[in-house]
Structure formats: C-alpha cells, structure tokens
J.: 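Before we start, here is the structure in question, set down as structure tokens.
So you know, we letter chains A, B, ... as the sequences are listed, proteins then strands, and number each from 1. Nothing here was measured: the structure is a model prediction, and the numbers come from that model.
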2 protein chains.
Amino acid sequence: MRGLNSITKSIDKMGNSIWCFENVNLFQILCPHKLKQYQKDHFEGFKKGDVIYFPDDSSRSIFMVSKGKVKIVSYSEDGEEIVKAILGKGEIFGEKALLGEEKRDDYALACTEPTEICPMQLPDMYELMRQNENFGLSIYKLIGFRIKKMERRFEALLHKDVKTRLCEFLKEMADENGIESGSEVIINHFLTQKDFADLIGTKRETVTRLFNELKQDGIINYTRKEIRIRGLEKL
Amino acid sequence: MRGLNSITKSIDKMGNSIWCFENVNLFQILCPHKLKQYQKDHFEGFKKGDVIYFPDDSSRSIFMVSKGKVKIVSYSEDGEEIVKAILGKGEIFGEKALLGEEKRDDYALACTEPTEICPMQLPDMYELMRQNENFGLSIYKLIGFRIKKMERRFEALLHKDVKTRLCEFLKEMADENGIESGSEVIINHFLTQKDFADLIGTKRETVTRLFNELKQDGIINYTRKEIRIRGLEKL
DNA sequence: ACCTTTATGTGATGCAGCTTACATTTTTTG
DNA sequence: CAAAAAATGTAAGCTGCATCACATAAAGGT
C-alpha cells in the first residue's frame, strides 16, 4: 500500500526494514552505524513536543527520522499553525539547507515519543553526495517530489471544498501508510482532529463533523489511533 | 525597487541590463552568445498564447526568459486555472528538470508578444554547473527561493482573507517590478483581472470589486496597463 | 482514584465571498 | 469601420464554513 513519490519499505535477509527512495537505500547510507565516523555527538532521542530546530537556527544540517514522527510547521502572525509536512521513519527533513537556505524558516517538532533522528552536517552530506552519484540524484529527486506534493496541496486549497480535501488527504494517507486488511484499509495514525484541520486548511469542528458524516455513510471508521476505510473508492 | 529572493537588475558599462541572481550573472552564463556552442536550433520567438511545453513533454531542458513573459499553469479537473508562476526577463523556468522530473506536469505559455526564451539541454546544464560551482549553487538557491515563494502563497491562502491576499500580491509586484515615481509606485503589468483572481485564489468579480474599493480609498489607481500605488503602506 | 488537561461532539448564528445575471466598455478582427 | 470577442462593472441572493458556546469523553499527571 505504498504509492510512487514516496519512500518504499522492504525487508532484508536479516529481517530488518529497509527504507528506500527510488531504489537508493537512504536509511542505510544516512543512518546509524555507517555514520559513526561523521556523527560525534548526536543521534538523539526527543520527547513529544521537543523542538529539533527553531526558525532562525542556521541551516547547517539535514536530518532523517529514524524513529517516531516529526512535524514541520510555521506560524502565521495571528498564531495559526501552518503544517508543512509530517514525516515518519526513513523520511528526510531540513532539506532546504541543500538549496542554499541559510536559516531555518520553520520549526521541526517531535510529535511522538520517543522520536529519534539522524542528523547529517551539510559538508558531510555534500561529501556523501559526491561519493555516491545515485544518492545525490535521489536527494534532489526527493526535493522534486516535495515540491509536487506542496503544489498538490496548493491546488486543492485553491479549488476544492473541505470535504473533498479531507477525502483526498485520507486517500493519500492510505496510499502512504495504509495496511490492507480484507476489504478494508487501516491507517494507523497519531493525529488529532485539530492536526487534520491544520493539514487540510479548515477548523477542528468542521473535521469532527466530516468524520462523523463519513462514519454515518459507512465509508470510514474513525478512532484516535486508527482509521478504517471501508470504501476507498467512495471517498 | 527590487527585493531579495529575486533576480536583480543592473546596468553595465555598455548600457545593457544585467540580470543577476545572488551575484551570479545567470543571463550572461545562460544566454545568447555564450551559448552558441550549445544551441543548435533554438532561441525561439513565441506569440501570445503559444505553448513552450506541454504536460507530459519530457523534461529535457530548462529555460530562461530572454524577452517577454511566461506563465506556468496547470488545470484542475473542472478546468480551473492554477497559476504557478509568471516569469519575466532573466527568470528561469522548467527547473524541476534538475530535480529528477521526467515529464512536465504543467504548461509553460508565452503571454506577451513576442516572447523569447533561451533553452538549455539538461546535460549541457549539468556541464555548466560542473564548470562553474557558483553557478550551480545559484541555481539550487533559486529553487530554494521558489519553494519559499510557494510556501508563502500557501500560507496566505490558508489564513488570510481575499483583500489581504490581493494587497500582499500587489506589494510583491511593487517590490519586484515597481518603479518609484515621486510619492507613487508604478507597476507596469499585463494581467487581466481574471489573472489576478487566479493568482490569489478568488473570482474575477471579487477582484474587480476590490480594485475599485482600493481606488475609492485613494490607495491605488488601476488601469489595464499599469497600477499606480499611492499608499504602499496602506495596502 | 481524583483532578486537570486535552480531545471530541453538536447545535445556533453570521458573513465573506461565490454564484448568477446582466450592462457597459475596450480590444481585436475581418 | 462594423461586428464580434474579451475585459470590466455592478448588484441581489445564497451557501459553505467559520465562529461561538457549550457538553461530553478520554488521557495524563500526582
């Protein structure tokens, strides 16, 4: 249940998960053991709500989530949350550092506990990209996919009503994280309805109403931990 | 009257405009004469409405506008226009080709007459980027700025009302293309009110109303060719 | 277990901006 | 220059969602 444009997961001979992007094993290249040489202090454990970086921190590193979930957000003047992305294991963030960003312009927050990340200093990153041409290409390709994802959200906001946006968002979640179970697709999640609201650009009350509406119609079954989708095609 | 995050213009000793990005003269590197060696067939002239590339064309080149204006758009299922960018002289488009895009996912349309562009084949581009490290960095930096611009539009759509969005858009235009003239800033433009509507995510009628409202209040003076802003700070 | 905090559920009300429907003006074209 | 097409102006009515105002339920802390 994983679409294109995404990190893919497979199991190696040792029974470990391998996270790949476009056939390049980012996780293996970027993470733990291989990187001991580069990583002096880090490989850190975060608690829920911990800040991984702040706006105006200098963009010296990029990161990969090795455990948990990380939320990238900024805030409008009136304090409204702008959720740019929510990332899980094997996914990369802070990648704008590779595009000449000098200071972060958003927050990276741990939103599960414990959350672990692999940081990678920019110079080391460039070194790795030089050493491994395919890795470098994959990183840039990943940035390309991020742009397209943002463009899709933008388009939805521009021309689609709230219900449509929620349905499309659920479909995307199903595609990226869903587990098929008989006729259903199960999405394990950790989002509050407020989070959904921020992600699709509406208010919490509206999300509540829509989830219950979809439940009435027998299309989904929402709980705090999982969403079971009975009629993916009806969404 | 040109902000950061943008192409800057200056005049060289010969009286020619020089278009720079982050102190790297893209125009000189990418354009006409220097590139004779690379450019076999192109350096083309387009009429208003001509398509420079279609969705699904393979992303083999990136382009720089050398004359006129180019609009990057896609269309939603119901035929609504999604304007991703409008680019003028010295600006680059099709840059997602550098991020591993295989096929274009939008249209590039000439929207002035005549419009001229400098195409650059991807392999040649990579060659140039290898030869000139600063040039390569500038290109990626430019992509970074594009992302931030998109994020700003996204945020505005998410949390700001139509009038605020229009005012911010006008300020951005003033910053990027405005000419100061006494106490006024003059923006020469070529957009219809429908174009404005598509850019800020509203309907044409609403744009008409708002322009007239701003005119009533003595803040702007809208005509089809130019917008004079009397009170930039009041916007 | 109790208390506090955070998340969810649900109605009543309001309004920004979309829709619809034309009128008028400007530009383009034959 | 006339006719057609495109852009702009204006107004009345409607509606999708935000807002407000609570009630209930679940999670977390001590």
Side-chain angles (χ1 to χ4, degrees), chain A residues 47-50 69 71 76 78-83 109-114 156-170 189-217 220-227, chain B residues 47-50 71 76 78-83 109 111-114 156-170 189-217 220-227:
Chain A
K47 299 190 172 184
K48 190 188 284 189
D50 281 355
K69 299 277 179 180
K71 183 160 81 167
S76 64
D78 45 314
E80 293 273 15
E81 206 168 87
I82 300 144
V83 181
L109 306 170
C111 53
T112 55
E113 196 162 335
L157 215 48
L158 214 45
H159 294 302
K160 294 174 183 168
D161 69 11
V162 174
K163 186 163 187 175
T164 309
R165 298 207 297 273
L166 179 60
C167 290
E168 288 188 356
F169 184 71
L170 288 175
H189 73 98
F190 56 97
L191 300 170
T192 66
Q193 297 188 352
K194 172 78 167 77
D195 290 330
F196 280 99
D198 288 332
L199 280 160
I200 65 175
T202 184
K203 297 294 158 185
R204 196 222 91 221
E205 295 88 327
T206 304
V207 169
T208 304
R209 258 185 280 270
L210 287 174
F211 271 138
N212 289 330
E213 205 176 291
L214 291 168
K215 192 182 254 176
Q216 299 293 307
D217 298 351
I220 68 163
N221 195 321
Y222 175 89
T223 74
R224 288 173 191 220
K225 297 252 117 89
E226 67 173 33
I227 302 173
Chain B
K47 299 191 173 184
K48 190 188 284 191
D50 281 355
K71 183 161 79 168
S76 63
D78 45 314
E80 294 273 15
E81 207 168 85
I82 299 144
V83 181
L109 306 172
C111 53
T112 55
E113 195 163 336
L157 215 48
L158 213 44
H159 295 302
K160 294 175 183 169
D161 69 10
V162 174
K163 186 163 187 177
T164 308
R165 299 206 299 272
L166 179 59
C167 289
E168 288 189 356
F169 185 71
L170 288 176
H189 73 100
F190 55 97
L191 300 170
T192 66
Q193 298 189 350
K194 172 80 167 74
D195 290 331
F196 280 99
D198 287 333
L199 279 159
I200 64 175
T202 184
K203 297 295 159 185
R204 196 224 91 223
E205 295 87 328
T206 304
V207 170
T208 303
R209 246 189 298 273
L210 288 175
F211 271 139
N212 289 329
E213 203 175 293
L214 291 169
K215 190 181 257 176
Q216 299 292 306
D217 297 350
I220 68 163
N221 196 321
Y222 175 90
T223 74
R224 287 175 191 217
K225 297 252 120 86
E226 66 173 32
I227 302 173

J.: Looking at A:R165 and A:I200, what are the two nearest heavy atoms and their distance?
T.: NE-O, 2.7 Å

J.: Given atom CD of A:E205 and atom P of D:dC22, what is their separation to the nearest angstrom?
T.: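 Going from CD in A:E205 over to P in D:dC22 covers 14 Å.
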
J.: Tell me the interatomic distance from B:Y222, atom OH, to C:dT25, atom P, rounded to whole angstroms.
T.: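 That distance rounds to 17 Å.
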
J.: For C:dC18, take OP1 and OP2 only and decide whether either is under 4.0 Å from a side-chain N or O of B:T202.
T.: yes

J.: Tell me which of B:F211 and A:V162 sits closer to the 5' end of DNA chain D, going by the nucleotide each one is nearest to.
T.: B:F211

J.: Between A:L166 (CG) and D:dC17 (P), how many Å, whole number?
T.: 11 Å

J.: Find the distance A:K48:NZ to C:dT5:P and express it as a whole number of Å.
T.: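 Computing the A:K48:NZ to C:dT5:P distance gives 17 Å.
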
J.: Would you kindly give the CG-to-P distance between B:D161 and C:dC18, to the nearest whole Å?
T.: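 Rounded to whole Å, this separation is 11 Å.
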
J.: Do the side chains of A:E80 and A:K203 get close enough for a salt bridge, i.e. N-O under 4.0 angstrom?
T.: yes

J.: For B:T192 and for A:K160, find the nucleotide of DNA chain D with the closest heavy atom, then tell me which residue's nucleotide is more 5'.
T.: B:T192

J.: How close or far is atom C1' of C:dA7 from atom NE2 of A:H189, stated in whole angstroms?
T.: 12 Å

J.: In whole angstrom, what separates B:Q193's CD from D:dT10's C1'?
T.: 12 Å

J.: Figure out the NZ/C1' separation between A:K203 and D:dA21, and round it to whole Å.
T.: 16 Å

J.: Does D:dG16 have its OP1 or OP2 closer than 4.0 Å to a side-chain nitrogen or oxygen of A:T206?
T.: no

J.: Would you say the side chain of B:F211 lies within less than 4.5 Å of the side chain of B:L170, judging by non-hydrogen atoms?
T.: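 Side-chain contact under 4.5 Å: yes.
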
J.: I'd like to check B:T206 versus B:R209 (side-chain heavy atoms, cut-off strictly below 4.5 Å). Are they in contact?
T.: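 Touching, per the 4.5 Å side-chain cut-off.
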
J.: Indicate, yes or no, whether a donor-acceptor pair under 3.5 Å links the base of D:dG16 to the side chain of A:R209.
T.: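 No, no donor-acceptor pair under 3.5 Å.
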
